[in-house]
Amino acid sequence: MEIPKRYDPKAIEDKWYAQWLKQKFFRSTPDHRKPYTIVIPPPNITGVLHMGHMLNNTIQDVLIRKARLQGYNACWVPGTDHASIATEAKVVAMLREKGIKKSDLSREEFMNHAWEWKRKYGGIILEQLKKLGASVDWERVHFTMDDGYCKAVIRVFVDLYRKGHIYRGLRMINWDCEAQTALSNEEVVYAEEGEKSFLYHVKYRLRDTEDYLIIATQRPETIMGDTAVAVNPHDERYSHLIGKTVLVPMINRPVPVIADNYVEKEFGTGCLKVTPAHDQNDYEIGLRHNLPVIDTLNPDGTLNEKCEIAEYIGKDRFEVRQLVVERLRAENLLVKEEEFITRIGRSERTNSVVEPRLSMQWFIRMKEISQRALQAVEMDEVRLHPEKFKNTYRHWMENVRDWCISRQLWWGHRIPAWYDEQGNVYVAETYDEALQLFKEKVHGSQSAVLSIKKLSTEHAALNTLKQDEDVLDTWASSWLWPIAVFDGFNDKSFDKRKGKVIKAANAELNYYYPTTILVTAPEILFFWVARMIIAGYEYLDEKPFSHVYLHGIVRDKQRRKMSKSLGNSPEPLELIEKYGADGVRIGMLFSSPAGNDLLFDEKLCEQGRNFCNKIWNAMRLVKSWKIQEGKNDANQAAILWFESRLSQVIRQLENSYADYRISEALLILYNLIWDDFCSWYLEMIKPQRQETRSLDLGTYEKTIEFFGKLLQLAHPFLPFITEEIWHLLKERSEKDCITVSRYPEGKTPDEGLLKKAEAVKEIITRIRDIRGQANINPNEPLPLYVLSNDRNGYELFRQTIMKLASLKSIEFVTAEIKGAKTFLVGADTFFLQTPVSVNVEEERKRLAKEIDYIKGFIRSVNAKLNNERFVKSAPPAVVEKEKQKLLDSEAKLKALEESLTRLN
RNA sequence: GGGAGCAUAGCUCAGUUGGUUCAGAGCACCUGCCUUACAAGCAGGGGGUCACAGGUUCGAAUCCUGUUGCUCCCACCA
C-alpha cells in the first residue's frame, strides 16, 4: 500500500470519531477506578462555535484524554445553557422577522416558539465539538432547563427563601428598556473609551426672585423627575441658598435646595439636580433627605404622565431629551452645551442604554452564604490557576453585593412565588404547595374564619393566587451545574428539611463530586465560578471542583478581541477543514499559557499542521524499511540514549501537567518528537544507502516501541493522527485503540549517558558547521582525531558520530594534528582533517578570543572562591559547584592554550 | 476613585527558594541545500544594558524603594 507523502486529516478524522463512539470509549459510569471529572462550561443555545469555545474545549479534552490514558475513570459531562436573556432576545428578533410581536403572544405561545428554537439550534455547538475531537460522554448531555434541572433550580430558590437568604425588595436596579428587564451589575457593560455626550447647563430659578442657579446635567429628560437641588454643605458660593426653594424648569415644581456631601464642588457648576427615581446616587440622597420619588419613565423607556408635559408622554427618553433641549434653548434657560465624555452603561445583550430604575425585584443576600466560598479559595481547597486570580477573587468576595436574580422575561425558570389578592407572597415548589401555605395563613388568621369556607374550594383559590411573572437570572440556574448534572437535587438525595444535598444518597454524585477541574475564562469568575463554589458549600458543604483553570481570551494579532463587527474571528470549522482538527488544536495551545490571552494567528495552525505532517512522515520512513533478523550493535547508542531521553521528558511533562502548564507540556513534546526523535534518533538508526535500506529486527522493534510511546504522549493533543498511526504502525484490532491505551511511565534516566549524548551532538554540529563554513560537501568522508582522557566514553557513540558527521575514521591521538580544523567540546580537543587548509591567522584569532573569554570566566569564579564571605555565607553546594566550574574551565583553558601553541 | 498584576531577543513568552556554563524557548530573520521520510522539509547562523533610577547583598533578571509605561478587576461623578 502506498502511503501518501502528506498527512490528510479529512480521510481519517470522522472515521475515528465514529469508531470511538461505537466503542463507547467516552462513556463513563461509576466503578472501582478513581474518577477524573470535568463538567463543561455549558455553551449558550444561541450561538455557534467560536474561537473561545475552541480554546476552552481543547484544553478540557487534553486533560480528560490524559486522565483516561492514565487509567482514571474519565468523565466529561457536556451540556448547554438556556441563557435566558440572550436566547429571549434572539427569539424575539426571529419572531419580529416573521412579523410577529412578542406582545401579541401569550406566555405559553412564546415559550413554544422558544422551545422550537432550542430544538433547532440548541445542539449546534455540541455537534461542532465532535469535529474538534471532544471526548465527552454523549449519554450525559444536560440542559439547564431539563425537567430535573428545573426542579433543582426551583428547590434551591424555595430553600434559600426559607433560610432567609432570598428577599424581595424595592431597589434601584439596572433596567434594559429594550428587553424590558432588570439586569445584574455584571450584565451592564461600559465602553472602554467612554461615549461622547453633552453636558447641558440649565437655569433653575429661585422662587420669588429673579435669581437662578445653573445646574449641569447629561440627562435633561429627567428634569421633570427632579425633587430637589443639592449643593455641597461647604460650598461658600451656595451656602446662602440652602433651604430656599427653586422651581424646576418647564414645570415650575417648587423643590428645596439641600446640602449633601455627595455633591462635588469642582464638578460641573457644583449644583446637582436630584432625581431619586432615575439615579442610584440621587435615590440615596433622596432617602437621606426624605425626598419624594417621581418616576417619569415607562418600562419601555418612554415617558409617562408623571412628567407633566403632555407632548412628551409616550415618547422615547432620547427623543424627549432633544425636545427638552430645544425648549430650554427657546426659553433661554440653556446657558451652555458642553461636549463631554461619559462612561455610560449599556446592556450586554441588547446594547441599549441602561436606565437606573426603581422596582420590585428578588435578591439573594450574598454576604453570609459566600463566606465559606471565600475561605475555600484562600485556603487553596479550591485552587485557581494561575494563582494571581486569588487576589481578584478575594476582592470581589469581600465586597460582594446582593444579587438581583429576577428578570422580566419569559424564557427561563419562572420564579416559584405566588401572590394573593392582598399581595402576600407564598414561595413554594408548586402551585399546590403555595396554595397550602395560603390556606394555612388564612386559617391562622382569626378574622378570616368566615372566609375559610369561601376559599375552601380550590377553585376559588385558583383565581386568587397568581404566580410571579418573572424568571430567574441564568446564572441562578447554572450555579448548580456541577451538582445538578448528577441529579443531586432529586427527591432522594435532597433533604428539604435540612436544606442539604445528601451525597451518600446519590451514587453518581457520590462518585463524581467534587469534580476534578473546571476550565473557563476569567471573565466569568464571578458570574459563574464563584457562585458555583458558593452553591457547593451551601448544599454539600463541599467544593464543586478542586482546580479552576482560567484561560485567556482569544484575540487577534493586534490584541483586539475577536468580534463579529470587526470580522477578525476565523470560522473554527473552516480552520479545521484547512488544517485538520489536530493542527488547529495545536495552534490553539501553542501560545496560550494559563491566564494569558491567546494572540491567535493562523500561522499557529499551520505550524500544528506541519507538526502532524512531520509525525506522518516519520511513520512513512519507519514503514519503508525492510527488516532483517538479528541485531545491529551500531544502533545500541541511539537506543540507550533515546530510552533515557524519553524517560527524562516523561518526567518533565508530568511536572508541566501538575502545574497545568499545558502549552509548556506541548512545547516539550514538540521538541522531543521533532528534534530528539526525528532529527537525531531516526537519523542515527536510519539505514544507509549501501545497506539497501534494511534495518535489524532488534532496532526496529525498539523503534516501534518508542514511536508508540511518543504517540501516547501526544495523543491528548493530537487525538486523530495518533490513533491513525497507532493502527498503521502495528497490526491491531479495532478495539485496541490508543484512546484507551495505557500511558507510558518514565524510568530513571541515565544522566551520564544523556550528558555524553549532548557532547556527541555538539561534536556533530561542530563538524557540520566547519563543513558549512569551508564549503565542504556534507557527504565527503573526513578523518577525525581526538585528544581526550575519556576515550572509553566515546566508544559507544563511535558509529553514531561517524554516520551523522560523515566521517571516514575516528582516531584517538596524543599529540596535535597539524593543519587540521580544531575545536573543543568540554575539555576534549578534536581535529578535523579537511582538504581546505587552515587559515592560521584566523584560527589564532578565534582561539585567542575563546581564551580571553574563559580567562575572564576563571577570574570571576576565582574572585568568588577567594572571597571569604562568599565561602562562608553561600550554601556548601553552591561553593562546591563553583569549585567544579573552576576545574572544568581550567582544563578547557589548558586545552585551548595548547591548541594555540601548536599553531605557532 | 479603590484593588491587583505586568515590563526579559523583532513578536509571544519561560526563567521555581537570589549563585555568570543562566540570559533561554517557539515563531520571525539570515546563509547554504529539491541529500531516495517530510521544501508543510534539511543543515548551519546572527540577535537582548533583563523598562529606568537608587538600595540591600560577597553576588540581583530574581529581593526592597521610587519613577515611567501598559493591562485587568471593582465602583461609577451629575
Side-chain angles (χ1 to χ4, degrees), chain A residues 3 5-7 185 188 190 199 215-219 222 230 262-264 266-275 279-282 340 342-343 345 388-396 398-399 401 522-523 525-526 557 559 579 583 590-593 595-599 601 603-604 606-607 609-625 655 659 661 663-664 667-668 670-671 678-679 682-683 686 689 693 765 768-773 775 777-779 854 856-857 860-861 863-864 866-875 877-879 881-882 885 888-889 892:
Chain A
I3 304 170
K5 214 167 150 178
R6 286 191 179 166
Y7 168 60
N185 290 333
V188 181
Y190 298 87
L199 202 53
I215 293 178
T217 177
Q218 276 187 78
R219 296 159 69 205
T222 65
Y262 171 75
V263 182
E264 284 187 33
E266 287 74 28
F267 193 93
T269 60
C271 291
L272 172 69
K273 70 185 208 56
V274 185
T275 324
D279 184 279
Q280 175 73 45
N281 295 301
D282 290 14
F340 181 69
T342 178
R343 295 202 57 215
K388 66 178 177 186
F389 286 108
K390 255 170 105 168
N391 291 328
T392 321
Y393 182 87
R394 184 190 314 114
H395 188 251
W396 193 78
E398 282 174 349
N399 299 290
R401 300 166 144 216
E523 292 172 301
L525 187 59
F526 310 125
K557 270 189 284 185
R559 281 193 187 273
Y579 301 102
F590 241 129
S591 73
S592 58
N596 280 29
D597 287 349
L598 164 63
L599 271 47
D601 184 347
K603 282 187 92 164
L604 292 167
E606 199 180 313
Q607 200 187 338
R609 178 200 64 184
N610 294 355
F611 183 41
C612 290
N613 202 47
K614 185 73 185 175
I615 300 172
W616 183 256
N617 276 291
M619 180 271 294
R620 281 181 66 221
L621 175 67
V622 173
K623 295 276 286 180
S624 73
W625 293 329
N655 290 334
D659 296 339
R661 291 158 34 141
S663 55
E664 183 183 87
L667 194 60
I668 288 171
Y670 180 83
N671 289 327
C678 293
S679 296
L682 289 180
E683 292 297 330
K686 192 176 182 177
R689 277 159 281 196
R693 297 171 74 192
T765 302
R768 286 173 176 167
D769 184 26
I770 290 170
R771 285 181 193 268
Q773 305 262 323
N775 248 328
N777 185 328
N779 291 321
I854 202 92
F857 181 68
S860 77
V861 177
K864 229 186 278 183
N866 293 334
N867 184 330
E868 258 180 61
R869 287 213 261 180
F870 169 71
V871 181
K872 234 174 27 196
S873 47
V878 173
V879 178
K881 214 167 137 190
E882 291 301 312
K885 272 186 215 164
D888 288 351
S889 41
K892 188 160 182 174

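Each chain gets a letter, A, B and so on, in the order the sequences are listed, and its residues count up from 1.
Between the A/Arg559 side chain and the A/Leu599 main chain, no donor and acceptor come within less than 3.5 Å of each other.
Between the CG atom of A/Asn399 and the P atom of B/rA75 there is a distance of 9 Å, given to the nearest Å. Protein atom CG of A/Asn777 is 15 Å distant from nucleotide atom C1' of B/rG44, rounded to whole Å. Atom pair A/Ile215:CD1 and B/rC77:P shows a separation of 17 Å (rounding to whole Å applied). Taking atom CG of A/Leu682 as the reference point, atom C1' of B/rC38 lies 11 Å away to the nearest angstrom. Rounded to an integer number of Å, the gap from A/Asp601 CG to B/rC13 P is 13 Å. If you take CZ of A/Arg620 and P of B/rA40, they are 14 Å apart, rounded to a whole angstrom. The distance between atom CG of A/Leu604 and atom P of B/rA40, rounded to the nearest whole Å, is 18 Å. A/Arg768 places its CZ atom 9 Å from the C1' atom of B/rG44, with the value rounded to the nearest Å.
Spacing of P atoms, B/rU62 relative to B/rU57, comes out at 16 Å, to the nearest Å. Separating the C1' atom of B/rU49 from that of B/rC29 is a span of 23 Å, rounded to the nearest Å. The C1' atoms of B/rC22 and B/rG66 are separated by 28 Å, rounded to the nearest whole Å.
Taking A/Asp597 as the reference, A/Arg555 meet the side chain to side chain donor-acceptor pair (under 3.5 Å) condition, with sequence neighbours excluded. Annotation: side chain to side chain donor-acceptor pair (under 3.5 Å) contacts of A/Glu264 (sequence neighbours excluded): none. Taking the side chain to side chain contact (heavy atoms under 4.5 Å, CB included) definition, one finds that A/Arg394 meets it with A/Leu374, A/Glu378, A/Asn391, A/Glu398, sequence neighbours left out. With sequence neighbours excluded, the residues satisfying ring-ring contact (aromatic ring centres under 6.0 Å, His included) with A/Tyr670 are A/Phe590, A/Phe611, A/Trp674. For A/Lys892, the side chain to side chain contact (heavy atoms under 4.5 Å, CB included) test picks out A/Leu824, A/Glu850, A/Ile854, A/Leu896, with sequence neighbours left out. A/Asn617 pairs by the side chain to side chain donor-acceptor pair (under 3.5 Å) definition with A/Arg620, not counting sequence neighbours. Under the side chain to side chain contact (heavy atoms under 4.5 Å, CB included) criterion, A/Asn399 pairs with A/His395, sequence neighbours left out. Every side chain to side chain contact (heavy atoms under 4.5 Å, CB included) that A/Ser624 has, sequence neighbours left out, goes to A/Leu621, A/Arg693.
Applying the 3.5 Å distance criterion, the base of B/rA40 shares a donor-acceptor pair with the side chain of A/Arg609. Side-chain to base pairing of A/Lys5 with B/rC38: no donor and acceptor N or O lie closer than 3.5 Å to each other.
Contact annotation for A/Cys612: no contact, since no heavy-atom pair falls under 4.0 Å across all strands. Among the heavy atoms of the strands lying under 4.0 Å from A/Glu683 is at least one base atom, whether or not backbone atoms are also near. Among the heavy atoms of the strands, none lies under 4.0 Å from A/Asp282. At a threshold of 4.0 angstrom between heavy atoms, the contacts of A/Leu272 include nucleobase atoms, whether or not backbone atoms are also involved. Contact annotation for A/Val622: no contact, since no heavy-atom pair falls under 4.0 Å across all strands.
Counted by atom type alone, A/Glu606 and A/Asn610 present zero donor-acceptor pairs between their side chains at under 3.5 Å.
Here the straight-line distance linking atom CE of A/Met619 with atom CD1 of A/Ile3 works out to 4.5 Å at 0.5 Å rounding. Interatomic distance, A/Leu598 CG to A/Leu604 CG, rounded to the nearest 0.5 Å: 7.0 Å. The CZ atom of A/Arg661 lies 12.0 Å from the CG atom of A/Leu667; values are rounded to the nearest 0.5 Å. Taking OG1 of A/Thr222 as the start and NZ of A/Lys273 as the end, the distance is 2.5 Å to the nearest 0.5 Å. Atom OH of residue A/Tyr7 and atom CZ of residue A/Arg609 lie 12.5 Å apart, to the nearest 0.5 angstrom.
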Expected string for nucleotides 27-34 of chain B under the B/S/- scheme (protein heavy atoms, under 4.0 Å, primed atoms plus P, OP1, OP2 as sugar-phosphate) is SS------
Show the distances under 3.5 angstrom between N or O atoms of the protein and N or O atoms of nucleotides 3-12 of chain B.
{"residue": "B/rA4", "atom": "O3'", "partner": "A/Asn391", "partner atom": "ND2", "Å": "3.1"}

Filtered N/O pairs between nucleotides 15-22 of chain B and protein, under 3.5 Å:
{"residue": "B/rG15", "atom": "OP1", "partner": "A/Arg661", "partner atom": "NH1", "Å": "3.2"}
{"residue": "B/rU21", "atom": "OP1", "partner": "A/Lys885", "partner atom": "NZ", "Å": "2.7"}
{"residue": "B/rU21", "atom": "O5'", "partner": "A/Lys885", "partner atom": "NZ", "Å": "3.4"}
{"residue": "B/rU21", "atom": "O4", "partner": "A/Asp888", "partner atom": "OD2", "Å": "2.9"}

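Using a 4.0 Å cut-off, some side-chain N or O of A/Ser679 falls inside it from OP1 or OP2 of B/rA43. Using a 4.0 Å cut-off, some side-chain N or O of A/Lys614 falls inside it from OP1 or OP2 of B/rC42. A/Asn610 has no side-chain polar atom (N or O) that falls below the 4.0 Å cut-off from OP1 or OP2 of B/rC38.
Considering only side-chain atoms of A/Asp279, the nucleotide from B/rG44, B/rG26, B/rC77 that sits closest is B/rC77. Checking B/rA25, B/rA75, B/rA78 against the side-chain heavy atoms of A/Arg401 singles out B/rA75 as nearest. You'll find that the side chain of A/Asn613 is closest to B/rA40, out of B/rG44, B/rC77, B/rA40.
Counting only Watson-Crick and G-U wobble pairs whose two distances sit under 3.5 Å, RNA chain B takes part in these stems of three or more pairs: B:1-7 with B:68-74, B:10-13 with B:24-27, B:29-33 with B:41-45, B:51-55 with B:63-67.
Residues A/Arg219 and A/Thr275 have side chains not in contact (no heavy-atom distance under 4.5 Å, counting atoms from C-beta outward).
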